[in-house]
Novice: 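So that we are looking at the same thing, I have put the structure below in structure tokens.
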Amino acid sequence: MSIVKEGLEDVVVATSEICFIDGREGRLLYRGYDVDELVQHSTFEEVVYLLWHGTLPSRKELEAHTKALTATATRRLPTKLMAMLRQLPKKTPPMEVLRTGVSALAAFDPDGEDNAREAMLRKALRLTAQMPTLVAAWERLRRGQSPVTPNPRFGLAANFLFMMTGRKPTELAAETFDVALILHADHEFNASTFAARVTAATLSDLHSAVVSGIGALKGPLHGGANEQVMRMVEEIAKPERAEAWIKKALDDKARIMGFGHRVYRVEDPRAKHLRRLATALGKQTGRTAYVEILNTVARVMGEEKKIYPNVDLYSGAAYACMGIPTDLFTPIFAMSRVVGWAAHVLEQHAHNRLIRPRAEYTGPARQAYVLPDRR
Ligand SMILES: CC(C)(COP(=O)(O)OP(=O)(O)OC[C@H]1O[C@@H](n2cnc3c(N)ncnc32)[C@H](O)[C@@H]1OP(=O)(O)O)[C@@H](O)C(=O)NCCC(=O)NCCS
């Protein structure tokens with residue numbers, strides 16, 4: 001009899017050079033660099049280069065890479081795609097719009113289904129630049145506003161906030177968003193990355209793998225958790241209600257979003273950065289209640305269950321302080337994780353083997369077919 005590992009828990013399915021997680025110590029490294037240091041010194045654009053190429057860029061390489069990533073031609077959406085977006089019902093959830101839009105972008109991409117490494121890098125660059133435009137355009141279209149043209153003077157983070165509002169973001173908002181993008185860029189064989197790799201391993205194309213990733217990210221046990229956290233904060237509403245609310249939820253055996261992790265046994269190393277920035281943004285915008293509520297919930301979760309915050313606990317509080325609607329939180333996660341998905345698709349194609357596990361069959365033994373009128 002084979003050993004069944006439900007949810008592939010602790011199963012090592014491949015070697016990878018992209019991302020290292022120490023679940024006991026709470027450490028996360030991209031290509032050997034600690035995310036704590038990347039948050040302090042790097043930018044999202046540089047992290048994109050690091051994840052795709054495996055090394056930090058020289059100054060010249062970084063300039064060329066940033067220029068390509070932020071060029072209006074790279075960021076702009078095809079006119080026909082914009083027309084397609086206008087056809088969608090305004091109530092369509094942004095994550096569905098993103099999944100549909102990315103799939104449609106494949107039809108307009110000049111590299112089509114070309115799976116050569118250089119072609120995939122060009123497609124990954126375009127997708128990373130286009131996805132924020134898509135999300136921001138949808139936000140404006142559903143509000144009955146015209147989309148804002150990308151501004152090549154802004155990096156990915158500031159430009160996204162600019163395209164949402166038409167205004168230059170504050171320095172703190174742009175910095176927070178940049179850090180959030182850095183922290184969500186990759187996380188080893190998480191569910192969406194694995195989904196992307198499974199698709200890539202059939203020798204399918206990059207856009208298909210990214211669509212698989214978006215589909216897997218959407219669920220509340222994965223990227224969708226950040227939206228659920230905000231709904232919890234809205235339900236609790238006041239910091240003084242947080243302790244009683246979480247204790248009752250635990251008594252009711254509820255699953256609390258933004259807590260727990262398959263790999264981390266301690267606090268997720270990304271959570272502290274988002275807590276710090278959400279706290280600062282809360283002070284700047286007068287919305288301190290979000291983080292106060294989350295801190296109380298986190299204290300009780302630690303005391304009563306020894307379950308600690310993950311990346312999704314504080315990100316939403318920061319986004320909400322920037323005026324971003326809750327249903328954009330998971331698309332924002334995807335705007336960053338596309339970088340990791342692309343890095344993994346490149347790695348999968350470099351040493352490909354079809355991913356095709358087995359199941360232990362527990363259905364009925366062989367049965368004789370019975371004709372419909374004899375059943
Ligand atoms: C991420 C997650 C799916 C990992 O779960 P997992 O590795 O499959 O672990 P399990 O679901 O088997 O949980 C193990 C135990 O911890 C408890 N637990 C784990 N996360 C919990 C949470 N967020 N709230 C309450 N209890 C939780 C489970 O109830 C279970 O308890 P039990 O053994 O008494 O039944 C899980 O922690 C979760 O659902 N978290 C909330 C969703 C979330 O924030 N997702 C984003 C992850 S980055």
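Indexing begins at 1, ligand by ligand and atom by atom, following the structure's order.
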Novice: Report the residues that fulfil salt bridge (Lys or Arg N to Asp or Glu O under 4.0 Å) with K253, sequence neighbours left out, ordered by chain and then residue number.
Specialist: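 Applying salt bridge (Lys or Arg N to Asp or Glu O under 4.0 Å) to K253 gives none.
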Novice: Would you mind running through ligand 1 and noting each atom that sits below 4.0 Å from a heavy atom of H222?
Specialist: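 Close to H222: 46 (C).
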Novice: Hey, are D109 and K123 close enough for a salt bridge, meaning a charged N less than 4.0 Å from a carboxylate O?
Specialist: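 Here D109 does not pair with K123 in a salt bridge, since their nearest N and O are not under 4.0 Å apart.
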Novice: Do L51 and V47 touch side chain to side chain, with heavy atoms closer than 4.5 Å?
Specialist: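 Yes, side chains in contact.
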Novice: So does E63 pair up with K67, basic N to acidic O under 4.0 Å?
Specialist: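 Result for this pair is no, no salt bridge flagged.
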Novice: Is a side-chain N or O of T193 found less than 3.5 angstrom from the main chain of W341, in a donor-acceptor match?
Specialist: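 Answer holds: no.
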Novice: Using atom types as modelled and distance alone, determine if a side-chain donor or acceptor of S336 lies under 3.5 Å from a backbone N or O of A185.
Specialist: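 Indeed, once roles are kept as given, a pair shorter than 3.5 Å links the two residues.
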Novice: Would you verify that at least one protein heavy atom lies under 4.0 Å from atom 14 (C) of ligand 1, or report that none does?
Specialist: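 Not a single protein heavy atom is under 4.0 Å away.
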Novice: Which is closest to atom 3 (C) of ligand 1 in terms of heavy atoms, E6, H261, E9, R255?
Specialist: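 The nearest heavy atom belongs to R255.
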Novice: Output yes when a protein non-hydrogen atom is found under 4.0 Å of atom 40 (N) of ligand 1, and no otherwise.
Specialist: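 Neighbour list for atom 40 (N) of ligand 1 includes protein heavy atoms (cut-off 4.0 Å).
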Novice: In terms of side-chain geometry, is the basic nitrogen of R275 or E267 positioned less than 4.0 Å from the acidic oxygen of its partner?
Specialist: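 Salt bridge: yes.
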Novice: For atom 1 (C) of ligand 1, what's the nearest protein heavy atom and its distance?
Specialist: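 Answer for atom 1 (C) of ligand 1: G260 O, 3.9 Å.
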Novice: With a 4.5 Å heavy-atom cut-off, do I332 and F177 have their side chains touching?
Specialist: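 In contact.
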Novice: Students should be able to answer this: which protein heavy-atom is nearest to atom 4 (C) of ligand 1, and at what distance?
Specialist: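 Going by distance alone, atom 4 (C) of ligand 1 is nearest to R262 N, 3.8 Å.
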Novice: Less than 4.0 Å is my threshold; does some heavy atom of G224 fall inside it relative to ligand 1?
Specialist: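 It does not, in that no heavy atom of G224 comes within the 4.0 Å cut-off of ligand 1.
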Novice: Only heavy atoms of D312, strictly under 4.0 Å: list the atoms of ligand 1 that pass.
Specialist: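 Listed by number with element: 46 (C), 48 (S).
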Novice: Between F259 and ligand 1, does any nitrogen or oxygen pair lie at a separation below 3.5 Å?
Specialist: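 For ligand 1, there is an N or O atom that lies under 3.5 Å from one belonging to F259.
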Novice: Output yes when a protein non-hydrogen atom is found under 4.0 Å of atom 26 (N) of ligand 1, and no otherwise.
Specialist: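 There is a protein heavy atom less than 4.0 Å from atom 26 (N) of ligand 1.
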Novice: Is the closest basic N to carboxylate O distance between D10 and R262 below 4.0 Å?
Specialist: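 Result for this pair is no, no salt bridge flagged.
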Novice: Which protein non-hydrogen atom lies closest to atom 16 (O) of ligand 1, naming both residue and atom, and how far is it?
Specialist: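 Result: I307 CD1, 3.8 Å.
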Novice: Of the protein's non-hydrogen atoms, which lies at the shortest distance from atom 23 (N) of ligand 1, and what is that distance?
Specialist: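 Ranked first by proximity to atom 23 (N) of ligand 1 is I256 O, 2.6 Å.
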Novice: Closest non-hydrogen protein atom to atom 43 (C) of ligand 1, residue and atom name please, with distance?
Specialist: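 So the nearest neighbour among protein heavy atoms is A225 CB, 3.5 Å.
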Novice: Checking side-chain contact (heavy atoms from CB on, under 4.5 Å) for the pair T66/E46: CA distance, chi angles, key distance, verdict?
Specialist: CA-CA 8 Å; T66 305; E46 185 175 62; over 6 Å; no
Novice: What's the verdict on side-chain contact (heavy atoms from CB on, under 4.5 Å) for L156 and M335, showing C-alpha distance, side-chain angles and the deciding distance?
Specialist: CA-CA 10 Å; L156 264 140; M335 277 161 37; over 6 Å; no
Novice: Considering heavy atoms of the protein only, find what lies nearest to atom 42 (C) of ligand 1 and give residue, atom and distance to 0.1 Å.
Specialist: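 For atom 42 (C) of ligand 1, the nearest protein heavy atom is M257 SD, 3.4 Å.
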Novice: Using atom types as modelled and distance alone, determine if a side-chain donor or acceptor of H349 lies under 3.5 Å from a backbone N or O of A200.
Specialist: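 The answer is yes, because a donor-acceptor pair under 3.5 Å joins these two groups.
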Novice: Look up atom 32 (P) of ligand 1 and tell me if a protein heavy atom lies less than 4.0 Å from it?
Specialist: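 No; the ligand atom in question lacks any protein heavy-atom contact below 4.0 Å.
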Novice: If you scan the protein for heavy atoms around atom 7 (O) of ligand 1, do you find one that is closer than 4.0 Å?
Specialist: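 Given the 4.0 Å cut-off, atom 7 (O) of ligand 1 counts as touching protein heavy atoms.
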Novice: Find all atoms of ligand 1 within a distance of less than 4.0 Å from any non-hydrogen atom belonging to L221, and give their numbers and elements.
Specialist: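 Every atom of ligand 1 under 4.0 Å from some heavy atom of L221: 39 (O), 45 (N), 46 (C), 47 (C).
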Novice: Taking both backbone and side-chain atoms of N310, is any N or O found less than 3.5 Å from an N or O belonging to ligand 1?
Specialist: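 Min N/O separation from ligand 1 is below 3.5 Å for N310.
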Novice: Return a yes/no value: protein heavy atom under 4.0 Å from atom 18 (N) of ligand 1?
Specialist: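 Given the 4.0 Å cut-off, atom 18 (N) of ligand 1 counts as touching protein heavy atoms.
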Novice: Is it the case that the side chains of R337 and H184 hold a donor-acceptor pair, with the cut-off being a distance below 3.5 Å and no angle test?
Specialist: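 Absent: no donor and acceptor within the cut-off.
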Novice: Protein heavy-atom contact under 4.0 Å for atom 35 (O) of ligand 1?
Specialist: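 So atom 35 (O) of ligand 1 lacks protein heavy-atom neighbours under 4.0 Å.
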Novice: In sequence, state the C-alpha distance, the side-chain angles, and the governing distance for I21 and R27, and then conclude on side-chain contact (heavy atoms from CB on, under 4.5 Å).
Specialist: CA-CA 6 Å; I21 304 175; R27 295 218 87 80; over 6 Å; no
Novice: Do any non-hydrogen protein atoms sit less than 4.0 Å from atom 47 (C) of ligand 1?
Specialist: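 Flag for atom 47 (C) of ligand 1 set to true, protein heavy atom closer than 4.0 Å.
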Novice: Using a 4.0 Å cutoff against the non-hydrogen atoms of A254, which atoms of ligand 1 qualify?
Specialist: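 What qualifies from ligand 1 is 25 (C).
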Novice: Show me which atoms of ligand 1 lie under 4.0 Å from any heavy atom of G258.
Specialist: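 It comes down to these atoms of ligand 1: 43 (C), 44 (O).
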